[in-house]
Amino acid sequence: MAAWHEKTAHEISSAVRGKQVSAVEVATSFLDRIAAVDGNVDAYTQVWPEYALAQAQAVDAKIARGEDPGILSGAPIGIKEVICTEQGYTTCSSKILEGYQSPYDATIIKKLAAAGAVFLGKLNMDEFAMGSSTENSAIKTTKNPWNLKCVPGGSSGGSAAAVSADMCTISLGSDTGGSIRQPACLCGCVGVKPTYGRVSRFGLVAFASSLDQIGPFSKDVEDAALALNVLCGKDPMDATSADLPVPDFTQALTGDIKGLRLGMPKQCFTEALGAEMREKVMAAIEVLKKQGAEVVEVSLPALDYALAVYYIICTAEASANLARFDGVRYGFRHPEAKDVREMYVKTKSAAFGPEVQRRIMLGTYVLSSGYYDAYYLKAQKVRRLIKEDFDRAFTQCDAIVTPTSPTPAFEFGSKTADPLEMYLSDIYTIATNLATLPGLSLPCGLCASGLPAGVQFMTKPFDESTLLRVAHCYEKNSGITLGKPPIA
Amino acid sequence: MEYEAVIGMEVHVEINTHSKIFCACSTAFNAPANTNVCPICLGMPGVLPVLNREMVNKSVAAGLALNCTISRWSKMDRKNYFYPDMAKNYQISQYDLPLCYKGRLDIEVDGQVKSIGITRAHMEEDTARNTHTLGGGISGVDFNRSGVPLLEIVTEPDLRSAQDAYAYLTTLKQILQYLDVSDCNMEEGSLRAEANISVHPKGSKEFGTKTEVKNVASFSGVAKAIEFEIARQIEVLESGGKISQETRGWDANRGITFSQRSKESAHDYRYFPEPDLMPIVVDEAWEQRIRKSLPELPLAKKRRFKEQYGLSDYDATVLTSTRAMADYLEAAVQAGADAKKAANWIMGDLQALLTDAKQEIQECKVPPAGLAEMIQLIESGTISGKIGKDVLVEMFASGKGPKAIVEEKGLVQITDEGALVAIVRKVLADNPQQVEQFKAGKDRVIGFLVGQVMKASRGKANPEKVNEILRKELSA
Amino acid sequence: MSKITREQVEYVAGLAQLELDDAAKARLQQEMGEILSYMDKLNELDTSNVEPMMHAMEMTNVFREDCAGESLAREAALRDAPQQDGEYFIVPKILDTEGGA
Ligand SMILES: [Mg+2]
Ligand SMILES: [Zn+2]
């Protein structure tokens, strides 16, 4: 029998609830796994063995009393550093928040705890979620479990690597322009960015407020559905969270996609896409065709402008969101500040990494007097064009299929010299955020290099059910199993 | 040369909600430092604002009372600048689409009505308070005020003098207090006024360079600062100098304005729409609901008081100066008092007592019905007007009803003919000399004799009756 | 010719409260120039009749009710401050009198 740490959350939860295993036993298995392999992967920034075991004991105690701890009973979960927890630290992998303890839990942390989840610790990321390789972390360098010389993707690289290396069942990430789906693709797991407004952002340290969304990484689509059942829903603490009913997403996993219209945007299948990735994605589309999906070509003409729009909007919002890290109320303050201005300048300059500083500079510039209309306002207008493209496309199809990433995982340092080239890693994922759509990446095979490839689906806003149904159907019928990554 | 001054006002008014604009912290004044704070108003990582509905209601009410157009669609924006009193280093405010705009406030100066244009009134959050009294080269920051709701009200440059500015501020305060949207208490910082002042040669179409006067602690201070600033600017121009655009403070002790900070370069606030807050749509129905709930405003009330109660312009002005005072008068009338008599008592004896006790009318122990009852005791002749004054003092001190006081102290007026005749005869017997004088034609002496009767009755005798009986007895 | 001058880099750094050495200024001038040139792509599109997408959601009027709730204990509020005296957050002496609001 497989070890507990190799199992999914739905398997663990039903075993714990059925008293086939205790939550403590499960947690111990995962903690042992972390101790065994995280020295190689470096996914975790903090591991909470005592806290995890205490939570597991509480789950077991509830079961002993005949109570139901919830649909994630005893499922060990890892949390991205950007999500606020009273337990441990919330550093955003930045020097500026080194040692910072949040005085409150994010809404989703409370929801997961109420569903019986067991938190194992926090996971590495690009500083303030800015990056596509997790190389911008000020804490450590997370490796891709499939090849330790390669990046895990980013910014939620730790979250993807931890799931892929069996160091948690489900992990939480945040996705502003692909930060869940791209690392999920590069590490060979399932990653979902829900519709903007579907999951509360209260307690998610903001990078770009109009684009950020929390979502799960998991080993299969069923776990993703389970996680979304807990994460989604209106939060009175988040004015941008939608007051819409949340269906039971596991009910969508019917395996039946007969008559479903699958849109292929021609702009996503150009020469820019590598041959191997194209071949994998086309094979995935064939699988769905066989299951009764009808493939239609759709056009998203404004897609070519998505990257430019994205880097204007996300940097502008970030320049304001990151202004609060000034050394007054929390976090790092430069010791040599003689006056207030020096306190700001020295603190920020010393504690923000180069990518964060670059984005603050860009965002400040595009909002500054004389440039607002040319950049920020223009970007907001083109953002609407992109959204309208998708609205139009969804009159012709029920789901859209694209690659997740133009390439599989790349080697450390290969893209750090050229920020623009790194930004192009997100070419297929950012439009989803700009159009506020739900998107999902799941594995569609291994490349010749032994690195995972991924396929991305997206649907209309708030139609996560269709998204999960398509992904689940593919997963069941692809005949592909990646196997386990070759780490110790 | 003759000069003309041009003044525009920017007033920040604290809206008196229970909780802050974006979080549930209390807005109570004077709490110990950093106790009315939470992750949201401290700008901690990961928090989000949610707009207080009552803030919108009260802001719309204020906008309507200032004859503004209410935006059907408006939004919040971020105003970016760094300062230690800013929790997020951006202020959530409103930039190009304020909630209220294009209004007008009529003020009265020297009997003349002037219409002051209101450019806009927008919602924003207050900042923290810095304290510089901790010594040792440090400052302290208290975030209790961070996130307290503010309405910023900006006028057109329609004011021309210190008196205009004073009248504007008092009229504005009166209206906002009538609406119960703000306490407008300058000492507690719930109203802060800044004036933009420039002067130019009379007749010239072009405005001069303006200075901004900030941090003045009272309305009269604002008026004095403006007066000083106008004189200063004229003096500078007369001596061939130039006005530099700057912010000036007010030194109340020395009675001068002083340069605080020159506007190096225009601020670059990098406003952009607040992505964390959804737009505000005040539809026709919502606006009407608030319009219908607006109380009668001071000017309308004053007109009505003159018409309905026959009060003089002066009396009506005083009695509508606060909503509490007007409500008090109306409640007294409701309870049966004659309006003019009640008005006199309120503006006279009661106001004197309130001033002495440093009380507001709504705090005082004399209920409007009590005043009405007291007035009726005088009307019915139960007590004299003079005794009435003493009764009111007692009512004010103890909170007892007038009847109880009159009974307790035996203050009922003696109107009984027989009893008065007895007192009068005794007084006449005791003062033969004065009786002689009267009979010799010295009519004036009657006043002395009335006084003696009043004294003998310990003030309870009905003075009219005493007069009548005295004359009868003396001519007998 | 770069899209952005060294003076502009310095001006923006001033607004953002960042201090850059000469090498960083030169690097940012080049990188920002390239990225901004890439962004000029947007000028290919005629957007004169397009409403800017100011908010990600179409919702309006999302409010909270005016109820005063619990605040944070002062110790918790001050806990992570780099400098505090049990009552106040402490910063270097503020000389400027520039007020907010
Ligand atoms: Mg303001
Ligand atoms: Zn608060």
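Residue numbers start from 1 in every chain, and the chains themselves are labelled A, B, ... in the order their sequence lines are given, proteins ahead of strands.
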Is it the case that more than 12 heavy atoms not belonging to [X] sit under 6.0 Å from its [atom1] atom?
X: A:Glu98; atom1: CD; answer: no
X: B:Glu206; atom1: CD; answer: no
X: A:Tyr372; atom1: OH; answer: yes
X: A:Lys234; atom1: NZ; answer: yes
X: B:His18; atom1: NE2; answer: no
X: B:Phe29; atom1: CZ; answer: yes
X: B:Lys210; atom1: NZ; answer: no

With a 4.5 angstrom heavy-atom cut-off, which part of [X] approaches chain A: side chain, backbone, both or neither?
X: B:Phe143; answer: side chain
X: B:Pro84; answer: both
X: B:Ile40; answer: side chain

Provide the closest heavy-atom pair for [X] versus [Y] in the form atom of the first, atom of the second, distance.
X: B:Pro45; Y: A:Phe325; answer: CG-CE2, 3.7 Å
X: A:Cys84; Y: B:Gly46; answer: SG-CA, 4.4 Å
X: A:Ala239; Y: B:Asp276; answer: CB-O, 3.6 Å
X: A:Ser368; Y: B:Asp268; answer: CB-OD2, 3.6 Å
X: B:Val50; Y: A:Pro236; answer: CG2-O, 3.5 Å
X: B:Val47; Y: A:Tyr104; answer: N-OH, 3.3 Å

Donor-acceptor contact below 3.5 Å, side chain [X] vs main chain [Y]:
X: B:Arg78; Y: A:Ala320; result: no
X: A:Arg324; Y: B:Asn89; result: no
X: B:Arg270; Y: A:Thr364; result: no

Rounded to the nearest 0.5 Å, what's the gap from NE2 on B:His267 to OG on A:Ser369? Could you check?
12.5 Å

Nearest-0.5 Å distance that lies between atom CG in B:Leu48 and atom CG in A:Asp235:
8.5 Å

Proximity breakdown for [X] and chain B, heavy-atom pairs closer than 4.5 Å:
X: A:Tyr371; value: neither
X: A:Ala106; value: neither
X: A:Tyr330; value: side chain
X: A:Ser210; value: both
X: A:Arg201; value: both
X: A:Ala208; value: neither
X: A:Asp212; value: neither
X: A:Ser319; value: neither

Are any of the side-chain heavy atoms of [X] and [Y] separated by less than 4.5 Å?
X: B:Pro273; Y: A:Tyr376; value: yes
X: A:Arg329; Y: B:Val141; value: no
X: A:Ile313; Y: B:Phe272; value: no
X: A:Asn321; Y: B:Tyr90; value: yes

In terms of heavy-atom pairs under 4.5 Å with chain B, which of A:Val82, A:Leu204, A:Val328, A:Thr90 leads?
A:Leu204

Is the B:Phe82 ring parallel, tilted or perpendicular to the A:Tyr344 ring (thresholds 30°, 60°)?
tilted

